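Here the structure comes first, spelled out in structure tokens, and everything after it is commentary.
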Amino acid sequence: MGKLDQNVIDLLTDQHEQIRRLLEKLKSGQDDKRELFTELVRLLAVHETAEEEVVHAVARRAAFGADDIIGPRLAEENAVKHALAELYDMGVDHPDFDAKLAVFADKVSAHAAHEETEEFPFLLKQFSVNQLERWAGMVRAAERLAPTRPHPHAGETGLANLVMSPPLAVFDRARDVLRDMRSH
């Protein structure tokens with residue numbers, strides 16, 4: 001399946017797998033810990049923001065009963081954002097990093113499992129293949145404008161993300177460029 005005909009569920013499931021692999025590498029001590037964590041932070045921040053802006057927001061407006069399924073996912077995402085921000089502030093060299101990373105990894109895995117077993121089947125029942133394919137394009141577009149770091153105080157709703165994401169993304173991406181310039 002090409003990227004253009006991929007539906008949003010396949011896109012998000014692929015991202016969940018990328019996140020799981022990064023977490024496993026981080027926990028196992030493979031490769032450069034700082035580099036892996038930087039990649040994980042970027043992927044999670046972008047993934048959760050786009051998911052909140054597109055998938056959760058559209059589903060909540062369009063499908064009866066969506067709040068019962070999506071409300072708990074938003075609460076989980078908020079907890080993940082706070083835990084990721086704490087890990088980010090702590091840094092990979094902190095003596096408690098590995099222990100907190102293990103707890104964080106469990107939260108992320110549980111959240112992804114809930115989406116895959118509860119939310120995604122709900123979306124498949126409620127929305128057409130064409131709608132889900134369009135959402136994949138919308139998620140990709142939102143990801144290009146999403147912050148690359150966790151901002152747990154920016155809000156967890158699609159509206160909050162639409163308002164706060166662009167300025168935070170500009171700030172984050174400027175910081176990314178400066179960080180990359182310093183490391184080369």
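Worth knowing before you read on, the calculation uses all heavy atoms, side chains too, and leaves out hydrogens, waters and symmetry mates. As the structure is a prediction and not an experimental result, all values here were calculated from the model.
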(request) Would you please test Leu84 and Phe37 for side-chain contact (heavy atoms from CB on, under 4.5 Å) and show each step? (result) CA-CA 10 Å; Leu84 183 60; Phe37 186 64; 4.2 Å; yes
- Item | Evaluation steps, side-chain contact (heavy atoms from CB on, under 4.5 Å), between Val129 and Asn7 | CA-CA 7 Å; Val129 171; Asn7 73 43; 5.7 Å; no
Please walk me through it: do Arg140 and Glu143 pass salt bridge (charged side-chain N to carboxylate O under 4.0 Å, His left out)? CA-CA 5 Å; Arg140 285 188 201 96; Glu143 287 174 342; over 6 Å; no
| request: Output, in order, the C-alpha distance, side-chain angles, deciding distance and verdict of salt bridge (charged side-chain N to carboxylate O under 4.0 Å, His left out) for Arg21 and Glu24. | output: CA-CA 5 Å; Arg21 282 193 301 272; Glu24 285 306 312; over 6 Å; no
Using the rule given for side-chain contact (heavy atoms from CB on, under 4.5 Å), can you reason through Leu145 versus Glu53, listing the C-alpha separation, both sets of side-chain angles and the distance that settles it, and then say yes or no? CA-CA 11 Å; Leu145 300 173; Glu53 286 179 7; 6.0 Å; no
Exercise for review: Please test Lys81 against Glu52 for salt bridge (charged side-chain N to carboxylate O under 4.0 Å, His left out), starting from the C-alpha separation and ending with a verdict.
Suggested key: CA-CA 12 Å; Lys81 277 190 221 176; Glu52 290 169 8; 3.1 Å; yes
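Judged purely by distance below 3.5 Å, without hydrogens or angles, the side chains of His56 and Glu119 pair a donor atom with an acceptor atom.
Distance check: Ser109 OG to Ile19 CD1 gives 9.5 Å after rounding to the nearest 0.5 Å. The CG atom of Leu87 sits 10.5 Å away from the NE2 atom of His94 when rounded to the nearest 0.5 Å. Interatomic distance, Asp106 CG to His111 NE2, rounded to the nearest 0.5 Å: 14.5 Å. How far OG1 of Thr38 is from OH of Tyr88: 7.5 Å, rounded to the nearest 0.5 Å. Atoms CG and CZ, on Asp67 and Arg61 in that order, are 12.0 Å from each other to the nearest 0.5 Å. With rounding to the nearest 0.5 angstrom, the CD atom of Gln6 is 8.5 Å from the CG atom of Leu12.
Side-chain contact between Ile9 and Leu123: present, with at least one pair of heavy atoms (C-beta onward) separated by less than 4.5 Å. Side-chain atoms of Met138 and Val58, non-hydrogen and from C-beta on, do get closer than 4.5 Å to each other. The shortest distance between side-chain heavy atoms of Glu115 and Thr13 does not fall below 4.5 Å. Side-chain contact check for Leu74 versus Arg60: some heavy-atom pair is nearer than 4.5 Å. Counting heavy atoms from C-beta outward, His114 and Arg73 have side chains that approach closer than 4.5 Å. A heavy-atom distance below 4.5 Å is found between the side chains of His16 and His47. The shortest side-chain heavy-atom distance between His82 and Glu77 does not fall under the 4.5 Å cut-off. When side chains are defined from C-beta on, Leu124 counts as touching Leu132, because their heavy atoms get closer than 4.5 Å.
Applying the side chain to side chain contact (heavy atoms under 4.5 Å, CB included) rule to Glu39 yields the partners Leu22; only residues at least two apart in sequence or on another chain are considered. For Asp98, the salt bridge (Lys or Arg N to Asp or Glu O under 4.0 Å) partners two or more places apart in sequence, or in a different chain, are Lys33.
The environment of CD in Glu35 is sparse: at most 12 heavy-atom neighbours from other residues, nucleotides or ligands sit within 6.0 Å. Heavy-atom contacts from other residues, nucleotides or ligands closer than 6.0 Å to NZ of Lys100 number 12 or fewer.
Heavy atoms only, all atoms of each residue included: Ile70 and Ala59 are closest at CD1-CB, 3.4 Å. The nearest pair of heavy atoms linking Val54 to Trp135 is CG1-O, 4.1 Å. Val139 approaches Ala50 most closely through the heavy-atom pair O-CB, 3.7 Å. Of all the heavy atoms in Ala83 and Phe104, the pair that sits closest is CB-CD1, 3.6 Å.
Residues Leu40 and Met90 fall within the same hydrophobic cluster, defined by Ile, Leu, Val, Met, Phe, Trp and Tyr side chains chained together at heavy-atom separations under 4.5 Å.
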